[in-house]
Amino acid sequence: MLHRGFFKFLASPFALAVLVLLLCGARSAQAAPLVLKFAGQNPPDHFATVSMRDIAKEVEKNTNGRIQIKVFPANQLGDYSLVYEELIRGTIEMAAISFPSQFDSRMDLIYVHGYTSSYAQVAKVYDPNGWFFKKMDEFNKALGVKLLGMYLEGMVGMGTVKEMRDPLNPKVDHGVLLRIPNMDVFKTALEGSKYRTISIPFADVYQSMQTGVCDGDTGYSIVAAYTALGDVIKHWYNLNKNTECLGIMISAKVWDKLSNDDKKVLQAAVNKQTALSIKNAEANDKKFLELMRKKGIKVHTYTTEQLRPLMDAFAATWGQLDQSKGKELMDEFRKEMKRISDSTK
């Protein structure tokens with residue numbers, strides 16, 4: 001039986017004050033927002049970073065402040081490989097970064113050459129309900145990361161310090177040594193079209209082109225090429241041979257804890273920006289091609305029909321990826337890309 005003194009204590013002003021403080025503390029703890037760190041790799045004024053901030057604003061507004069997203073651009077939280085490791089652990093909650101194929105080589109499927117050379121095709125390839133997105137989500141999910149969206153930065157061409165020979169003819173040597181990222185999807189496609197290649201670390205590309213270690217680079221969007229290499233390249237070949245794409249991702253450990261309503265809000269905000277990225281990329285390509293011309297860089301542009309022989313030559317090398325990516329996956333890839341190509345002719 002409880003002692004009478006206990007009931008007297010509960011009725012005392014002191015006890016009531018303690019109770020009020022406890023209730024206020026509980027309400028305060030319940031109302032504390034969920035704060036998510038959102039890591040990016042582009043400069044603060046880059047359109048991808050602007051999109052990251054827009055996602056943060058929309059999510060905070062539509063969750064009534066329950067979720068607050070803090071944007072960290074320009075590799076402030078580490079490069080994309082390190083950030084991805086932290087996504088797996090859940091110590092960084094969100095990111096807009098390049099797909100790190102060192103965790104699963106199938107993720108560099110995004111960089112395969114020749115599956116698209118137009119923005120009309122890109123919109124279909126990156127459709128969040130499409131085959132490509134679902135595959136990329138599958139690869140990331142197996143590592144503990146949820147893919148929310150594929151964000152297009154732009155199409156990729158070639159920047160060189162000297163003029164190439166017959167760049168659209170896949171049967172002749174083009175007279176240049178091109179630096180490429182250390183990925184088989186670049187090497188097989190380009191060497192299969194008579195381009196000579198060399199792998200050089202990203203940080204050394206500018207100096208390598210200055211000193212003649214290589215004659216050019218391929219691996220950048222138009223915007224990135226102008227920004228990083230605009231002072232050294234003399235020619236830009238606008239081949240649209242592959243895409244530069246970011247994954248907007250969230251740690252599965254964080255995603256699984258969100259309510260269904262909050263997941264819908266976050267997904268809707270990302271979908272809006274990924275759709276917008278295609279329009280932004282196309283507009284920025286045009287803008288930065290003109291900036292290249294004003295800088296004195298000779299810009300070589302081509303129609304989709306002019307590019308077709310080179311795209312077909314790239315596609316002819318896809319079979320070489322069966323071993324590293326898996327024949328079943330590449331068979332699906334070939335079938336899907338043919339469907340999209342046929343639908344946009």
Side-chain angles (χ1 to χ4, degrees), residues 110-127 130 132 150 152-176 178 180 185-186 188-195 215-226 229-230 233-245 275 277-318 333-334 336-345:
I110 194 75
Y111 302 117
V112 169
H113 288 43
Y115 67 78
T116 178
S117 61
S118 74
Y119 280 95
Q121 288 178 335
V122 169
K124 293 195 173 188
V125 173
Y126 288 1
D127 183 335
F132 209 124
M150 293 166 65
L152 183 66
E153 286 196 281
M155 307 292 275
V156 176
M158 298 178 183
T160 63
V161 296
K162 63 180 184 179
E163 191 165 5
M164 289 199 291
R165 290 196 300 265
D166 210 355
L168 301 184
N169 187 344
K171 297 180 180 179
V172 301
D173 183 270
H174 306 286
V176 293
L178 284 177
I180 61 170
V185 292
F186 276 83
T188 56
L190 292 167
E191 292 187 355
S193 298
K194 303 297 183 181
Y195 284 95
D215 302 308
D217 177 89
T218 181
Y220 293 94
S221 66
I222 296 167
V223 177
Y226 176 85
L229 302 174
I233 62 174
K234 303 301 180 186
H235 294 267
W236 176 260
Y237 295 87
N238 204 46
L239 300 178
N240 289 357
K241 61 187 180 59
N242 63 292
T243 63
E244 184 68 19
C245 177
S277 75
I278 297 174
K279 294 180 180 179
N280 282 341
E282 187 170 13
N284 274 293
D285 280 2
K286 293 176 182 177
K287 174 184 174 181
F288 278 83
L289 285 177
E290 188 56 34
L291 288 174
M292 283 184 176
R293 293 185 183 102
K294 290 180 179 179
K295 200 175 185 69
I297 299 168
K298 187 172 181 180
V299 174
H300 307 261
T301 59
Y302 311 96
T303 66
T304 301
E305 282 307 309
Q306 288 174 316
L307 290 171
R308 191 172 302 280
L310 189 59
M311 298 300 112
D312 289 345
F314 289 149
T317 68
W318 293 351
F333 175 82
R334 284 184 278 265
E336 179 65 12
M337 294 308 110
K338 184 178 186 306
R339 183 189 69 79
I340 291 174
S341 178
D342 290 346
S343 71
T344 52
K345 285 181 179 177

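Taking CG of Leu239 as the reference point, atom CD of Gln306 lies at 11.0 Å (rounded to 0.5 Å). One finds the OG1 atom of Thr160 at 11.0 Å from the CG atom of Leu229 (value rounded to the nearest 0.5 Å). One distance of note links OH of Tyr226 with CD of Glu290; it measures 10.5 Å at 0.5 Å rounding. To the nearest 0.5 angstrom, Ile233 atom CD1 is 13.0 Å from Met158 atom CE. Atom-to-atom distance recorded for Asn240:CG and Tyr302:OH is 11.0 Å, nearest 0.5 angstrom. For the atom pair NE2 (His113) and OG1 (Thr188), the distance works out to 8.0 Å, reported to the nearest 0.5 Å.
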Original post:
Does the pair Val122 and Glu282 meet the rule for a side chain to side chain contact (heavy atoms under 4.5 Å, CB included), with working shown?
Top reply: CA-CA 11 Å; Val122 169; Glu282 187 170 13; over 6 Å; no

Subject >> Stepwise side chain to side chain contact (heavy atoms under 4.5 Å, CB included) test for Val112 and Asn242 >> reply: CA-CA 6 Å; Val112 169; Asn242 63 292; over 6 Å; no

**OP:** Given side chain to side chain contact (heavy atoms under 4.5 Å, CB included), test Phe132 with Met337 step by step and report yes or no.
**Re:** CA-CA 9 Å; Phe132 209 124; Met337 294 308 110; 3.8 Å; yes

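Side-chain atoms of Tyr126 and Ser277 form no donor-acceptor pair, as typed in the model, at a separation below 3.5 Å.
Two residues are said to be in side-chain contact when any heavy atoms from C-beta on lie closer than 4.5 Å; Met164 and His235 fail this criterion. At least one side-chain heavy atom of Phe314 sits under 4.5 Å from a side-chain heavy atom of Leu190. Arg339 is listed as a side-chain neighbour of Glu336, based on a closest heavy-atom distance under 4.5 Å.
Residue Gly230 comes nearest to Lys295 through the heavy atom pair O-CE, 3.1 Å, listed as atom of the first residue, atom of the second, then distance. Contact record, Tyr220 with Val156: O-CG1, 3.3 Å, taken as the closest heavy-atom pair. In terms of heavy atoms, Ile222 sits closest to Trp236 at CG1-CZ2, 3.7 Å. Across all non-hydrogen atoms, the minimal contact from Ser193 to Ala313 is OG-CB, 3.6 Å. Ser117 and Leu307 make their closest contact through CB-CD1, 4.3 Å (heavy atoms, listed as atom of the first residue, atom of the second, distance). The two residues Gly219 and Glu244 make their nearest non-hydrogen contact at O-OE1, 3.5 Å.
Between His174 and Tyr195, the two ring planes are parallel [angle under 30°; tilted spans 30° to 60°].
Panel note: side chain Tyr115, backbone Ile110; a donor-acceptor pair is recorded below 3.5 Å.
Listed by first and then second residue, the salt bridge (Lys or Arg N to Asp or Glu O under 4.0 Å) pairs involving residues 161-171 are Arg165-Asp173 (not counting sequence neighbours).
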